[in-house]
2 protein chains.
Amino acid sequence: MKLQSDKTIRVGILDDHRIVIQGIQTALNDFDNVSVVCAAETKEDILPYLENIDILLLDINLGHEDGVMLCKQFKDSHSEIKIICLTSFTQVSFIKAMLRNGADGYLFKNVTTDELINAIQAVYAGERYLGNEVNEELIKYSLEHNRQSHAFIPKLTRRENEILSLIIDEFTNQEIASKLFISLSTVETHRMNICAKLGAKNTAGMVRNAIKFGLA
Amino acid sequence: MKLQSDKTIRVGILDDHRIVIQGIQTALNDFDNVSVVCAAETKEDILPYLENIDILLLDINLGHEDGVMLCKQFKDSHSEIKIICLTSFTQVSFIKAMLRNGADGYLFKNVTTDELINAIQAVYAGERYLGNEVNEELIKYSLEHNRQSHAFIPKLTRRENEILSLIIDEFTNQEIASKLFISLSTVETHRMNICAKLGAKNTAGMVRNAIKFGLA
DNA sequence: GCAGTAGTAGTGGTTTACCACTGATTTTGC
DNA sequence: GCAAAATCAGTGGTAAACCACTACTACTGC
């Protein structure tokens, strides 16, 4: 299969899921003018190759590393490189963060081969490319401030996490209030909010779900 | 490449990330005796195929659907099917939940092709297979959390276990009394005894310790 | 037959959690 | 610098949990 450009586009992959790397390589294999020149699972492994690739496909969730930060670092050290974020994260906050940090494209991992190739071509040509579903997500977000989106793991605030831990450690609301130098009613308010966020009806469900979601 | 078994193992994939599906298909492509017969992104899409596959590779985070629940549903409706969880979630709570819901294997998505094949073979042969890193995670967890649990696992009576389950399922004492056709005070008595046996001071500690001791 | 355990049930409390509101102040994100 | 989120705090009430007792019955094992 032949692409418009005559020059071969050198693509690098940084993703800690080997299955994903394999999937991308297979998808791009049929295209003569795109070549996967390196695939790495960590920042250290990809660094030596950065100077020899045109486009980097970058995941956000890289085990202990943060793809959002890496995007900025790579763009700072290698300004000529184009970065397409390829991730499972559909939250608008991540899309915005990546674009703010210099990403040239954003695709969800349910991308089709066609769209992946389109994205690579567009970004290589200097355009910005967002996947169809990415655009949909952005539009949906701007229309209705959909806070919950598809957050599978509820996100608690710093204070809520603090109080949740104390609840699980068997402290009563009054004890927590004294410990944190806040009033009883404040603790009760937080407690209600935690319950709601965790989809629980009472203390039992709250603790159960907290452990289930790995928040404890 | 030839596997031990003569019969072709029919594999199905349920994952909402097409790249992942593609990666698995590629990885399994080289093996004659394993065949990916279907790949779906939603529960509805996979349902018609369940009767014709031996092993299902199942993700946990499926957009709006919950893989943990689906595992139980599939096992209930198709008891002969083997399920291997293939996911990014490394939390022990998810591993336990999947195994409790009947999963036969658990792998993280950074699995190698070799290990994926090993897992499929083992599970097809009736064994349970957990990935190396999955095992490491479980060991790490048990070292961190279960210091005393080896020494002392509280023994609850049949009735106490019954009531504990209902408490964890967010039922109030009154609701439990009605459900079991016993009086409120009986439930309260049992509840006090459970608390004492689990070394807990209140509902939060009771649920926490019940899960810690593996009673939930 | 008797001790031990499990299950049941009661009285009469006190303490805590749950809940629906409202609203102020501070911090954070664009 | 504005808007949103987070944090803090209150009223006033109901529901539920917590607690210390006692005590009957049925079953189990020696």
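Chain identifiers are assigned alphabetically (A, B, ...) following the order of the sequence lines, protein sequences preceding nucleic acid strands; residue numbering begins at 1 within each chain. Given the structure is predicted, the values throughout are model-derived calculations rather than measurements.
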* Give one of base, sugar-phosphate or nothing for T203(B), where a contact means two heavy atoms less than 4.0 Å apart. => sugar-phosphate
* To do: Would you classify T172(B) as touching base, sugar-phosphate or nothing, given that sugar-phosphate means primed atoms plus P, OP1 and OP2, and contacts are heavy atoms under 4.0 Å?
  =>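 Sugar-phosphate, backbone atoms only, no base.
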Cationic N near anionic O, under 4.0 Å, [X] to [Y]:
| X | Y | answer |
| --- | --- | --- |
| D16(A) | K109(B) | no |
| E188(B) | R191(B) | no |
| E175(B) | K179(B) | no |

Phosphate-side-chain proximity, [X] and [N], N/O vs OP1/OP2 below 4.0 Å:
| X | N | result |
| --- | --- | --- |
| R158(A) | dA6(D) | no |
| T186(B) | dT8(C) | no |
| S185(A) | dC8(D) | no |
| T189(B) | dT8(C) | no |
| N173(B) | dA16(D) | no |
| H190(B) | dG7(C) | no |

Rounding to an integer number of Å, can you tell me how far [X] [atom1] sits from [N] [atom2]?
| X | N | atom1 | atom2 | result |
| --- | --- | --- | --- | --- |
| K201(B) | dT15(C) | NZ | P | 16 Å |
| L164(A) | dA17(C) | CG | C1' | 16 Å |
| E162(B) | dG7(C) | CD | C1' | 11 Å |
| F171(A) | dT16(C) | CZ | P | 14 Å |
| N202(A) | dC19(C) | CG | P | 8 Å |
| E170(B) | dC18(C) | CD | P | 10 Å |
| L180(A) | dA9(D) | CG | P | 10 Å |
| L198(A) | dC18(C) | CG | P | 12 Å |

Among [options], which nucleotide sits nearest the side chain of [X]?
| X | options | value |
| --- | --- | --- |
| M192(A) | dA6(C), dC19(C), dA9(C) | dC19(C) |
| R191(A) | dC18(D), dA6(D), dC18(C) | dC18(C) |
| E188(B) | dC19(D), dT7(D), dG7(C) | dC19(D) |

* Closest-nucleotide ordering on DNA chain D, the 5'-leading residue of L184(B) and L184(A) ->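 Looking at the nearest nucleotide for each, L184(A) comes out on the 5' side.
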* **Heavy-atom donor-acceptor pair, R128(B) side chain to D104(B) backbone, under 3.5 Å** =>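 Absent.
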* Asked: In terms of heavy-atom contacts, does CD of E80(B) have more than 12 from other residues, nucleotides or ligands at under 6.0 Å?
  -> yes
